[in-house]
Amino acid sequence: MILSSKYPYALAETLYSGQAFRWHPILNGEAHEGILDGVRVRLSQKEDGIHFSSESGDSFDVGFIKKYLRLEDDLQLIYSQLSSDTYFTQAKDLYEGLHILRQDPWECLVTFICSANNNIPRIKSLVKGLSETCGERIRDQFGYFYSFPEPVSISEIGELGLRKIGLGFRAKYVAKVAESVVRDEIDLKSFRFLEYQEALTELLKFPGVGDKVANCVLLFSMDKLQAFPVDVWIKRVLRENYLNDSDEPIPDTKLRDWAQIHFGEFAGYANQYLFHQRRLI
DNA sequence: ATCGAACCTCCAAT
DNA sequence: AATTGGAGGTTCG
């Protein structure tokens, strides 16, 4: 199956820019494999577009992949809205076609709780451990793989089980969030229909979710392109390029407010490009 | 309100 | 070889 799009798509940059943690290169980097909605998916970028295959073939909705990849995003519009910022423009010239992904909110929430005070290899290994411990074991033509666990499955292994996987102090948070989602029948998918501020307020009620994690979840899974996660890398970018080095430290939420006003409705796209550029220095 | 320490774990750098 | 410091943060006092 070939997915075509009007706009350039930097597939590898997108899959490995630290927003999703279950993709890995296969066939000497020719293609990428991940698990979406309990299905193993392979993607590769060719001249004529992004090639996509999975065992369920066409029965696996192509529309699903298109949504996941945000193929419909109007990059020209987004670029033009951000073009007055010279640092964004620099990053854009380097990584043209880099996209935000639209992930599953539950998986996104859990993985970004796991991201606290962790580096990317650690986050990946935790998500892998989680999936292999309480995800569903599924077989396809290439062998076995594991779906990302449902809230019930995580709540069943509890804090102790999560500690065994290596979540550390995050185990308590993930366990509580899983229990809460199960008990209160919270439909995270519906958060996407809330306004940014309202969804943010709701997410902040979860233990282990502060402003940074909430904004990641909003941006990467809830269609809030104005979300602006303030992490150490973005702080470096802001400090180095936009603020006086001599200034005293500014609280993260203030930095976010400033950035959202400065960059506007696509602040999250600016965030991803600046983050990606700074991280690869 | 604001601020710093503490929190699990892993691993690279002393 | 043991120890320290830091990693895409949040909570608690």
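Computed from a predicted structure; not experimentally measured. By convention in this document, chain letters (A, B, ...) are assigned in the order of the sequence lines, proteins followed by strands, and residues within each chain are numbered from 1.
Taking 4.0 Å as the cutoff to heavy atoms of chain A, we find the contact window on DNA chain B bounded by B/dC7 to B/dC10.
Scored by the ring-ring contact (aromatic ring centres under 6.0 Å, His included) test, A/Tyr173 finds no partners at all (sequence neighbours excluded). Residues satisfying the salt bridge (Lys or Arg N to Asp or Glu O under 4.0 Å) criterion with A/Lys235, sequence neighbours excluded, are A/Asp252. When the salt bridge (Lys or Arg N to Asp or Glu O under 4.0 Å) test is applied to A/Lys128, the partners found at least two apart in sequence or on another chain are A/Glu132. A/Asp211 pairs by the side chain to side chain donor-acceptor pair (under 3.5 Å) definition with A/Asn215, A/Arg256, not counting sequence neighbours.
Hydrophobic clustering, defined by side-chain heavy atoms of Ile, Leu, Val, Met, Phe, Trp and Tyr closer than 4.5 Å, groups A/Ile138 together with A/Ile35, A/Phe145. Under a 4.5 Å side-chain heavy-atom criterion applied to ILVMFWY residues, the cluster that includes A/Leu27 comprises A/Ile26 as well.
Between A/Phe112 and A/Phe21, the distance from one ring center to the other falls under 6.0 angstrom.
Nucleotides B/dC11 and C/dT10, compared at atom P, are 23 Å apart to the nearest Å. Annotation: B/dC8 and C/dA2 have their P atoms spaced 25 Å apart (nearest Å). Rounded to whole Å, the P atom of C/dG8 lies 24 Å from the corresponding atom of B/dC3. Atom P of B/dC10 sits at a distance of 23 Å from the matching atom of C/dT11, rounded to the whole Å.
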Strand DNA chain B in bracket notation, Watson-Crick/G-U under 3.5 Å with | for pairs to another chain: ..|||||.||||||
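Counting non-hydrogen atoms of neighbouring residues, nucleotides and ligands closer than 6.0 angstrom, the CD atom of A/Glu185 reaches no more than 12 such neighbours.
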Tell me which donor-acceptor pairs under 3.5 Å the side chains of residues 265-273 of chain A have, and how far apart each pair is, sequence neighbours excluded?
from     : atom 1 : to       : atom 2 : distance (Å)
A/Tyr269 : OH     : A/Asp73  : OD2    : 2.7
A/Tyr269 : OH     : A/Ile100 : N      : 3.1
A/Asn271 : ND2    : A/Pro229 : O      : 2.7
A/Gln272 : NE2    : A/Ser17  : O      : 3.1
A/Gln272 : NE2    : A/Ser17  : OG     : 3.0
A/Tyr273 : OH     : A/Tyr79  : OH     : 2.6
A/Tyr273 : OH     : A/Leu98  : N      : 3.2
A/Tyr273 : OH     : A/Leu98  : O      : 2.6

Let me check something: any side-chain donor-acceptor pairs from residues 199-208 of chain A under 3.5 Å, sequence neighbours excluded? List them with distances.
from     : atom 1 : to       : atom 2 : distance (Å)
A/Thr201 : OG1    : A/Gln197 : O      : 2.8
A/Glu202 : OE2    : A/Lys205 : NZ     : 3.0

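Note on A/Arg170: a base of the nucleic acid sits closer than 4.0 angstrom, heavy atoms only.
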Heavy-atom protein contacts under 4.0 Å, nucleotides 8-13 of chain C, coded B base, S sugar-phosphate only, - none: BBSS--
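Each side-chain hydrogen bond (donor to acceptor under 3.5 Å, both in side chains) pair with one or both residues in residues 151-160 of chain A, not counting sequence neighbours, appears once here: A/Glu159-A/Arg163.
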